[in-house]
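First up is the structure itself, then whatever we jot down about it.
Just so it is clear, the structure is predicted and the values come from calculations on it, not from any experiment.
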Amino acid sequence: MRAKIPDLQRALEGRFDDHHALGCRLHPDRIDHLEQMIGRLDEQIEDMMQPFRAERELLTTIPGIGPGASATIISESGVAVADCVPTDAHVASWIGLCPGHQESAGKHHCGARRKGNPQLQHVLVECSWAAVRTPGYLQSLYRWHVRTLGGPRSPPPRTTPSSRSLTHLR
């Protein structure tokens, strides 16, 4: 780095005119304006969620789901989902979080997510990541699945012929 000091000094010498200063002064004003707009929208969301206060509080008891996520879930799906959809599997299918199941000649192919409600998909995926980072049952279940099936941080376990059951050969 000692050899680069003259180059660094030349790089730091530059022009900073009045129009540069004006641009730097306008950025904090723009940030303040955007924060005020976000605050107004947050207030309106809170006002609109008042009739659903009990349902929202119940949703926030689930690990990983906060007030913002619960507002999104209620606004996208409603509070009486059980009246419209018969099972939780149907809800997952409607949202688009259940993977496709493609099997041909005994081979399993990629199970990509289906099209569904993109707002709920993104929120529920983020909630699930928050839930597996919260100490408790969901975190331990996630770690068990990663250990046994493999996951983003570990490869799937290798099976050798000696460790496999011989019942499939009969």
>> Would you compute the distance between atom CD of E76 and atom CG of L120 and round it to the nearest 0.5 angstrom?
In response: 5.0 Å

> If you group Ile, Leu, Val, Met, Phe, Trp and Tyr by side-chain heavy-atom gaps below 4.5 Å, do L59 and V132 land in one group?
Replying inline: yes

> Looking at I95 and L124, what are the two nearest heavy atoms and their distance?
Replying inline: CD1-CD1, 3.7 Å

> Atom OG1 in T61, atom CG in L58: separation rounded to 0.5 Å?
Replying inline: 5.0 Å

>> How long is the straight-line distance from CD of Q121 back to CD of Q119, given to the nearest 0.5 Å?
In response: 9.0 Å

> Which value, rounded to the nearest 0.5 Å, describes the distance between Y137 atom OH and W144 atom CH2?
Replying inline: 9.5 Å

> Distance from Q44 atom CD to M48 atom CE, nearest 0.5 Å?
Replying inline: 6.0 Å

> What residues, two or more places apart in sequence or in another chain, satisfy side chain to side chain contact (heavy atoms under 4.5 Å, CB included) together with R10?
Replying inline: P6, D7

> Any side-chain heavy atom of I65 within less than 4.5 Å of one from V123?
Replying inline: no

>> When you measure from the side chain of H27 to the backbone of C24, do you find a donor-acceptor pair of N or O atoms at a distance under 3.5 Å?
In response: no

>> Ignoring hydrogens, what is the shortest heavy-atom contact between C127 and A69? Give both atom names and the distance.
In response: SG-CB, 3.5 Å

> What pairs of residues pass the side-chain hydrogen bond (donor to acceptor under 3.5 Å, both in side chains) test when at least one of them lies in residues 28-42, not counting sequence neighbours?
Replying inline: none

> Where do R25 and L22 land on the side-chain contact (heavy atoms from CB on, under 4.5 Å) test, with the steps shown first?
Replying inline: CA-CA 5 Å; R25 275 189 238 113; L22 176 65; 4.3 Å; yes

> Could you go step by step and tell me if T134 and Q139 meet the side-chain contact (heavy atoms from CB on, under 4.5 Å) rule?
Replying inline: CA-CA 6 Å; T134 304; Q139 184 182 50; over 6 Å; no

>> Can you confirm whether the side chains of S93 and H90 place a donor and an acceptor under 3.5 Å from each other?
In response: no

> How many angstroms lie between atom OG of S75 and atom CZ of F52, to the nearest 0.5 angstrom?
Replying inline: 9.5 Å

> Does atom CD of Q50 have more than 12 heavy-atom neighbours from other groups under 6.0 Å away?
Replying inline: yes

> If you group Ile, Leu, Val, Met, Phe, Trp and Tyr by side-chain heavy-atom gaps below 4.5 Å, do I62 and V81 land in one group?
Replying inline: yes

> Is the shortest heavy-atom distance from the side chain of Q9 to the side chain of L12 under 4.5 Å?
Replying inline: no

> Is it true that W94 and V85 fall in one hydrophobic cluster, defined by side-chain heavy atoms closer than 4.5 Å?
Replying inline: yes

> Does S77 reach the main-chain N or O of I74 with its side chain, forming a donor-acceptor pair under 3.5 Å?
Replying inline: no

> Pairs in or reaching into residues 55-68: which pass salt bridge (charged side-chain N to carboxylate O under 4.0 Å, His left out), with residues at least two apart or in two chains?
Replying inline: E46-R56

